Student: 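What follows is a single structure, and I will ask about it in a moment.
Letters go in sequence order (proteins before strands), and every chain restarts at 1. Predicted model only: the values in this text are computed from it and were never measured.
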Amino acid sequence: MRNRSLHVGAWLLVALAVIAVAAPLLLPDPDRVDYTAKLAPPGATHLLGTDRLGRDLAARLAAGARTTLGSVGAVWLVSVAIGLLAGTLSALAGRLAHETVARVVDVALALPQTVVALAVAGAIGPGMWQLVFAMSATAWAPTARLAHTYVHAARERPDVLAARMAGIGTVRAMAAHVLPGASARVVVVATLGVGQLILSLAALSFLGLGAQPPTAEWGRMLADSRHDVIAAPWLIIAPTTAVFLAVTAVSLLADGAREHIDPGSRSWPRF
Amino acid sequence: MPAPLRRLASALAVLATAGALVWGLMLLSPVDPARQILLAQGDPAPAPAEVDATRHELGLDRSYPEQYARWLTAAVRGDFGTSWRTGDPVAAELAGRLPATIRLTLVALLFATAVALALALPGLERPGGPADVFARGLVFGGSALPVFAVGVVLLEFVVVGAGIGRVVADGTWSGALLPALPLALGIGAEWARVLRGGLRDALGAPHSETARARGAGRLRILALHGLPHAAAPFLTVAAMSAGGLLAGAAVVETLFTWPGIGRLLITSIDAGDLPVVQAIVLLGVVAFLAANLLAETLTAAIDPRRREKR
Amino acid sequence: MATVLKIRDLAVTYPDGTQALRGVDLDLAEGECLALAGESGSGKSTLLRVLLSLLPKGSRVTGSAVVDDDGTSLEAVGADRATLRRLRGGLLGYVGQDPHAAADPLWSVGRHLREAWRARRMRPAKGAAEERAEAVGITQARARLRQYPHQWSGGMLQRAHIAGAGVHGPLVTLADEPTSALDAGLAATTLAVLRADARALLLVCHDLRHVAAVADRVAVLYAGRVVETGVDVPARPRHPYTKALVAAAPRPGHGLPEELPGTSPDLRRELTGCAFAPRCGLALESCHREDPVLDDGVACPVVPR
């Protein structure tokens with residue numbers, strides 16, 4: 001099959017999303033504590049077992065998927081929307097706007113995403129939305145740079161020049177000939193960063209800087225049950241597999257999409 | 001302006017901006033620094049007059065630009081103020097913790113290099129062959145594995161379970177071997193991916209063919225044509241991974257109770273000790289900028305085409 | 001004159017099943033220049049790569065290609081490491097297609113030239129590289145060799161490659177379309193330099209016009225076989241394919257060149273009969289069934305002898 005990674009990635013991601021959304025209908029309440037069933041192994045009543053408070057692991061994994069997909073989705077949206085907007089407008093605007101955006105992007109690119117997240121958590125305290133805010137603060141920079149470069153270069157492209165010479169306004173020529181290509185690339189680059197983003201969010205949550213109890217989050221789940229993993233190995237296997245599958249799904253999807261719009265190229269930014 | 005100087009200047013400009021942002025964290029914080037310091041120094045209920053005096057001493061009654069300038073000049077000298085948690089100078093706290101983190105990250109980077117070479121080289125002989133596919137699978141899996149999960153496995157199963165290594169880490173070189181492992185795996189996998197791509201491009205290029213046709217051996221071509229060409233993309237990505245090192249160190253140090261700045265950072269965030277957070281964050285940014293500057297300089301030194309342009 | 005290269009029944013199948021060469025016989029005499037002509041995909045470059053063992057892994061090679069050096073015969077097909085060491089860069093010199101692509105951009109041209117010694121674990125004598133450079137017409141060699149490939153013109157850089165290929169006085173120089181990346185004006189001089197520097201020269205060239213000036217003999221390849229060979233091929237083509245090839249070259253004042261009808265055959269399939277028959281205006285019914293034999297320099301039963 002042509003471009004297998006695109007298909008496998010997309011189906012994996014769809015499966016994860018379906019589980020995340022459908023779980024509340026099928027599985028117990030993820031926050032329900034049941035001391036009679038603490039550290040229960042996987043079985044009929046608890047599909048993947050329970051943690052030390054007797055909470056259903058499968059339900060908590062699905063709830064964690066909602067947390068992760070929601071926060072990652074928010075950062076992704078910001079990086080696509082702001083990146084495309086800032087990049088495109090600065091490429092078309094005058095020199096001053098161009099320079100300003102370029103300098104801001106320079107700074108945003110020079111600030112490591114997780115370091116910013118740690119700083120924000122230090123200033124205004126831990127929390128998932130604080131992390132989303134902090135991650136978004138730099139996530140738009142690579143997409144903006146890409147959109148900027150693409151649109152700027154496209155101004156001199158033969159098809160665009162021809163359209164402009166034919167009397168179509170610059171804005172319309174751009175919208176018709178350049179924007180679709182720029183958007184596709186921005187979406188792919190934003191998606192290329194999502195795998196790392198999932199890992200970072202999980203790591204920061206593991207450190208207690210992300211989702212706060214009782215919200216279920218994969219990294220947090222492992223942190224809370226790390227002393228039980230020898231007695232109850234499913235407590236490490238399940239959340240780790242969840243992170244692994246989510247990262248794999250997104251990476252496959254992004255790699256496949258990159259290959260789809262720009263076959264054989266290795267020159268794409270990866271962050 | 002010559003290129004190296006220009007690169008340095010732009011790095012310093014970015015650093016100054018980053019410094020302003022780090023200083024600005026103080027404005028976001030709801031805590032009154034003067035009161036906080038008095039509390040930390042053991043005064044259970046500071047009188048308003050005392051707080052005002054400390055406020056003046058700290059320069060917090062001046063304008064924001066003045067405050068920033070004072071903070072920045074002090075920071076350049078290594079003075080990051082007083083810890084809100086212990087009442088000690090931040091610089092002293094950092095100095096005590098930094099060597100352990102440097103040891104940990106150096107060992108991790110060494111491991112990562114070994115991992116990258118071990119995963120990138122075997123598949124080169126026959127791209128698409130079994131060795132290549134196997135290595136690529138490991139690279140793909142390795143870069144999707146969370147650092148903390150690997151750390152927990154090592155700690156709970158290897159250290160606690162099997163009794164290998166020490167539970168309480170002491171920050172020495174030999175103690176760094178185990179904690180460095182989880183830190184190195186993800187980075188090493190990412191490096192291997194780039195290294196493999198760079199080497200494949202270089203060894204498939206016509207100039208490597210010329211070398212083969214002239215009778216050069218495989219190792220000679222790998223060392224003299226392959227590695228220098230793969231170095232540029234590799235260095236760029238290696239420098240990028242310096243950005244994730246602080247968070248990675250925080251995870252590993254917290255897990256293994258490693259006496260470094262990563263764990264100090266998490267302790268300080270939990271305690272709301274902003275001056276320490278500021279200092280460590282700025283250190284993280286400086287390390288990232290320095291790594292990128294170094295990578296750019298090395299890349300330019302390797303490639304004559306970059307030496308002239310720009 | 002002694003034969004220095006003797007190719008017999010050489011066949012190459014690539015890992016994807018493409019039969020790039022399907023039974024080629026060729027001889028190269030000492031000091032001779034043999035040009036290999038044909039479209040891309042005809043197997044010309046494959047022939048050079050067999051001799052240097054530069055085919056992709058998993059390619060199947062049968063037949064023989066013997067390099068004869070003063071009585072010692074070296075078989076290039078399936079050569080072991082020791083033989084390869086004597087062939088590559090020693091008995092066989094190699095000049096590639098695109099001079100800029102063939103030079104490592106990170107190396108100075110001088111280092112690249114001196115590598116011709118070092119690749120064979122030798123050390124160039126002081127001034128030897130400069131001497132070689134001047135021998136192929138590179139002036140002010142000392143200063144110029146310190147520069148990098150991107151600072152050189154294609155024509156001059158190709159001379160540096162020619163100098164590098166000739167360092168160990170190879171018995172046979174293999175040149176793979178050495179002028180295709182150069183401006184038309186430079187092609188003729190570069191070929192002349194190559195011809196003057198090489199002893200025996202096996203020259204792959206898709207442009208028959210350039211060939212005429214330097215080649216003693218021309219062999220035309222089609223679909224992995226020699227269809228015609230002779231001294232006067234570019235001026236007096238005999239095989240229908242060669243005629244079409246000559247006619248397809250633009251000649252100012254002679255109107256539009258005639259395009260060759262049809263497409264090259266799919267070499268992954270087993271071919272029966274003459275590979276050119278489907279595109280040939282003169283093809284007989286038997287041409288589709290019987291393999292033509294190279295007779296009097298032409299592999300075509302239709303051509304009058």
Side-chain angles (χ1 to χ4, degrees), chain A residues 103-104 106-126 137 195-196 198-200 202-209 218-219 222-223 225-230 233 235-237 239-241 243-252 255 266-267 269-271, chain B residues 10-11 13-15 17-18 21-22 24-30 140-141 143-149 152-153 155-157 160-161 186 190 193-194 197 201 233 237 240 242-248 250-251 254-255 265-266 268-270 272-274 276-278 280-281 284-285 288-289 292:
Chain A
R103 291 293 84 77
V104 176
D106 275 346
V107 172
L109 280 177
L111 297 176
Q113 213 171 18
T114 47
V115 174
V116 174
L118 289 163
V120 169
I124 56 179
Q196 191 54 52
I198 294 175
L199 287 173
S200 300
L204 292 167
S205 293
F206 179 84
L207 290 169
L209 305 180
W218 297 332
L222 181 52
S225 46
R226 56 172 269 223
H227 296 299
D228 302 324
V229 295
I230 293 190
L235 286 175
I236 186 169
I237 295 170
T240 307
T241 311
V243 174
F244 184 82
L245 282 181
V247 174
T248 304
V250 173
S251 306
L252 284 174
D255 280 344
R266 256 197 277 272
S267 61
R270 182 99 193 239
F271 49 95
Chain B
S10 87
V14 169
L15 185 57
T17 321
L21 292 174
V22 169
L25 291 174
M26 198 72 89
L27 305 179
L28 285 178
S29 166
F140 201 85
S143 45
L145 220 50
V147 174
F148 55 86
V152 169
V153 168
L155 189 66
E156 298 296 332
F157 290 90
V160 178
E190 178 69 7
R193 198 179 57 77
V194 180
D201 287 350
V237 167
M240 291 301 288
L245 225 43
L246 185 59
V251 169
T254 304
L255 258 177
L265 175 62
I266 301 306
S268 306
I269 290 175
D270 287 342
D273 190 353
L274 196 50
V276 177
V277 173
Q278 282 178 314
I280 297 179
V281 162
V285 174
F288 184 63
L289 284 176
N292 276 292

Student: Who among A:L252, A:V120, A:L245, A:V116 has the most heavy-atom pairs with chain B under 4.5 Å?
Tutor: A:L252
Student: Side chain from CB out, backbone as N, CA, C, O: work out which of these in B:L289 comes under 4.5 Å of a heavy atom of chain A, or both, or neither.
Tutor: side chain
Student: Test side chain to side chain contact (heavy atoms under 4.5 Å, CB included) on A:I236 and B:E156; report intermediate values, then the result.
Tutor: CA-CA 11 Å; A:I236 186 169; B:E156 298 296 332; over 6 Å; no
Student: What is the minimum heavy-atom distance between B:A18 and A:L111, and which atoms define it?
Tutor: CB-CD2, 3.7 Å
Student: Looking at B:S10, B:A11, B:A242, B:G141, which has the largest count of heavy-atom pairs under 4.5 Å with chain A?
Tutor: B:G141
Student: Pick one of side chain, backbone, both or neither for A:L207, based on which atoms fall under 4.5 Å of a heavy atom in chain B.
Tutor: both
Student: Of all heavy-atom pairs between A:L109 and B:F288, which one has the smallest distance, and what is that distance?
Tutor: O-CE2, 3.7 Å
Student: Of B:V22, B:I280, B:V285, which meets side-chain contact (heavy atoms from CB on, under 4.5 Å) against A:V115?
Tutor: B:V285
Student: Nearest 0.5 Å, please: how far is CE in B:M240 from CD in A:Q196?
Tutor: 10.0 Å
Student: Given heavy-atom pairs under 4.5 angstrom as the criterion, report whether the side chain, backbone, both or neither of A:I198 touches chain B.
Tutor: neither
Student: Measuring from atom CG of A:L199 to atom CZ of B:F148, what distance do you get when rounded to the nearest 0.5 angstrom?
Tutor: 7.5 Å
Student: Partners of A:D106 by side chain to side chain donor-acceptor pair (under 3.5 Å), sequence neighbours excluded?
Tutor: A:R103, A:R145
Student: Relative to chain A, which segment of B:I266 carries a heavy atom at a distance below 4.5 Å: side chain, backbone, both, or neither?
Tutor: side chain
Student: Sort B:L265 into side chain, backbone, both or neither according to what part of it lies under 4.5 angstrom from a heavy atom of chain A.
Tutor: side chain
Student: Can you say whether B:L21 sits under 4.5 Å from chain A via the side chain, the backbone, both, or neither, judging by heavy atoms?
Tutor: side chain
Student: Rounded to the nearest 0.5 Å, what separation is found between the CD1 atom of A:I124 and the CG atom of B:L25?
Tutor: 9.0 Å
Student: Which atoms of B:V153 are under 4.5 Å from chain A, going by heavy atoms: the side chain, the backbone, both sets, or neither?
Tutor: both
Student: Side chain to side chain contact (heavy atoms under 4.5 Å, CB included), that's the test. Do B:V147 and A:F206 meet it? Break it down for me.
Tutor: CA-CA 10 Å; B:V147 174; A:F206 179 84; over 6 Å; no
Student: If you tally heavy-atom pairs under 4.5 Å against chain A, which of B:L246, B:V14, B:V251 wins?
Tutor: B:V251
Student: If you take all heavy atoms of B:G243 and A:T114, which pair is closest and at what distance?
Tutor: O-OG1, 3.5 Å
Student: For A:L118, is it the side chain, the backbone, both or neither that has a heavy atom under 4.5 Å from a heavy atom of chain B?
Tutor: both
Student: Where does A:I230 contact chain B at under 4.5 Å (heavy atoms): side chain, backbone, both or neither?
Tutor: both
Student: In terms of heavy-atom proximity below 4.5 Å to chain B, should A:F244 be classed as side chain, backbone, both, or neither?
Tutor: both
Student: Side chain, backbone, both or neither: which part of B:V277 has a heavy atom under 4.5 Å from chain A?
Tutor: side chain
Student: Which heavy atom of B:L28 sits nearest to which heavy atom of A:A123, and what is that distance?
Tutor: CB-CB, 4.3 Å
